Amino acid sequence: MDKPSRSDHARLWGLENGRIFLNHGSFGATPTAVRKEQRTWQDLMENEPVRFFEDLMPGVLEQTRVALAKQLSCQADDLALVENATSGVNTVLRSLVFEEGDEILVPDHAYQACRNTIDFVAERWGATVVTVNIPFPIDHADQAVDAIMGGVTERTRLAMIDTVTSPTGLLMPFERLVTQLEGRGVHVLLDAAHGIGMVPLCLDELGASYTTSNCHKWLCAPKGSAFLHVRKDRQADIHPLTISHGMTFPLGDTTRFRHEFDWTGTRDMSAHCALPFAIDHLATEIEGGWSAIMEHNHDLAVQGRNILCDALGLTPPCPNEMIACIATLILPENQSSGGIPLHEPDPLHVTLSEKYDIQIPVWSWPSPRGRYFRISAQLYNSEEEYRYLAWALEQEGFGPSPP
Ligand SMILES: Cc1ncc(COP(=O)(O)O)c(C=O)c1O
């Protein structure tokens, strides 16, 4: 089969020629114009560093928070600019104080790095980690709500839930979960690494205690641009991972939260400086802006999944309403070598990459147990690319079994 072409929108990105890049989900991919904008900020920083950091940066980052707040329907003052979702999760978990026997609730689909943070913090305080199992395949979002709410006890202090799960690509009923959990007095840490630019987020209305999201994934901003939103009544307890000048800075007419998060030592903030441009860039290029982009990517993910299921005889493991712009499929059991540790590359991933030039994640997950592969759908992808993936998987023996 001939190598497929990308969509016309691919002209906005500088992706490697000949590569079938179906993994936007892991690290995102940044359009050429946004990378140029980031370099402009880096030049400005190095042309006169003192003016940049002392005079320019506070105002520029304020504009960034305002632009983000507009996307997120929240107040700019409640946003802290952090480098990635892992830092956002760590910031919250390592700020909080737990008592022995307190419970932290987490579904088994949680991203491993964030789960590690929960385990680390729980052990330090003598808290208990309660893991709830969410079925996969899953028929209805209610099953996820029932599983998570069924894990709540009077000792539950915090629940970490996802907007969209990483290994299983499930769009969680996170709005419902936040309402129910916060209603039961459980603070929610929303891991929205796959959040902004992928699903609509209205943070003030949502009401979660803490939300962190990567802008470098689905907003297509430069790497190292993420945010942490902390609800006003929780801000006094949350401190950046790096304590700096802000701890003792005279308060003036701002908050300690702002002071502490606005300066965490000298670092390259160009990714955050380029954020307002990144938000406008794709919204201007694509008619209908971000809501049209999200809808387009969802439709393409559904279409891509259908193409793969039809060609390989697979059953979609969740309804279309439970995927956003990534979709996970379960490799047939009899083909599975199973049990490959997460830090080791699955041989199928390597074969697809080296033999067919296809980039997709393939992994074995302990719970829900299975060997999975995941597709992503971003503006630059085309249906042809999923057909090519289906063909490559058939060549590797993953086609429907002979009658
Ligand atoms: C659900 C989830 N949480 C957290 C992360 C971590 O993101 P980062 O590596 O940018 O911190 C990811 C990354 O893919 C993720 O999928």
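Since this is a predicted model, take the numbers as computed values, not measurements. Counting convention: from 1, in listed order, for ligands and their atoms alike.
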Exercise. Are the aromatic rings of Phe277 and His281 close, with centres under 6.0 Å apart?
Worked result: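 Yes, the ring centres sit under 6.0 Å apart.
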Exercise. Just heavy atoms, cut-off under 4.0 Å: does Ser87 contact ligand 1 by side chain, backbone, both, or neither?
Worked result: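 For Ser87, there is no contact with ligand 1 at all, from either part.
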For this session: For ligand 1, note which part of Val89 has a heavy atom under 4.0 Å away: side chain, backbone, both or neither.
Result: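 The answer is neither.
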Just jot down the ligand 1 atoms closer than 4.0 angstrom to any heavy atom of [X], in number order.
X	result
His216	10 (O)
Asp162	1 (C)
Asn84	8 (P), 10 (O), 11 (O)

For this session: Decide, yes or no, whether a salt bridge links Glu182 with Arg231 under the criterion of side-chain N to carboxylate O below 4.0 Å.
Result: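 Arg231 and Glu182: salt-bridged.
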Problem set entry | Presence of salt bridge, Asp253 and Arg258, under 4.0 angstrom |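 No, this pair does not count.
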For this session: Report yes or no: does a heavy atom of Glu83 sit under 4.0 Å from some atom of ligand 1?
Result: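 Heavy atoms of Glu83 never come under 4.0 Å of ligand 1.
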Exercise. Any heavy atom of Ala113 sitting closer than 4.0 Å to ligand 1?
Worked result: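 Ala113: no contact with ligand 1 (<4.0 Å).
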[atom] [closest protein heavy-atom partner, distance rounded to 0.1 Å]:
atom	value
atom 16 (O) of ligand 1	His194 NE2, 3.0 Å
atom 13 (C) of ligand 1	Lys217 NZ, 3.0 Å
atom 3 (N) of ligand 1	Asp191 OD2, 2.6 Å
atom 10 (O) of ligand 1	Asn214 ND2, 2.9 Å
atom 9 (O) of ligand 1	Thr86 OG1, 3.7 Å

For this session: Determine the interplanar angle of the Trp218 and His194 rings, folded into 0 to 90°, and report it as parallel if under 30°, tilted if 30 to 60°, perpendicular if over 60°.
Result: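 Ring orientation of Trp218 relative to His194: tilted.
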For this session: State whether a side-chain donor-acceptor pair under 3.5 Å links Glu396 with Tyr356.
Result: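 Side-chain D/A pair, Glu396 to Tyr356: present.
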For this session: Identify, with sequence neighbours excluded, every residue that meets side-chain hydrogen bond (donor to acceptor under 3.5 Å, both in side chains) alongside Tyr380.
Result: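 Tyr380 satisfies side-chain hydrogen bond (donor to acceptor under 3.5 Å, both in side chains) with His24 only.
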Exercise. For Phe136, what residues pass the ring-ring contact (aromatic ring centres under 6.0 Å, His included) criterion, not counting sequence neighbours?
Worked result: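 Listed in chain order: Tyr372.
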For this session: Look at the side chain of Asp191 and the backbone N and O of Cys114, then say whether any donor-acceptor pair between them is shorter than 3.5 Å.
Result: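 Such a contact is absent between Asp191 side chain and Cys114 backbone.
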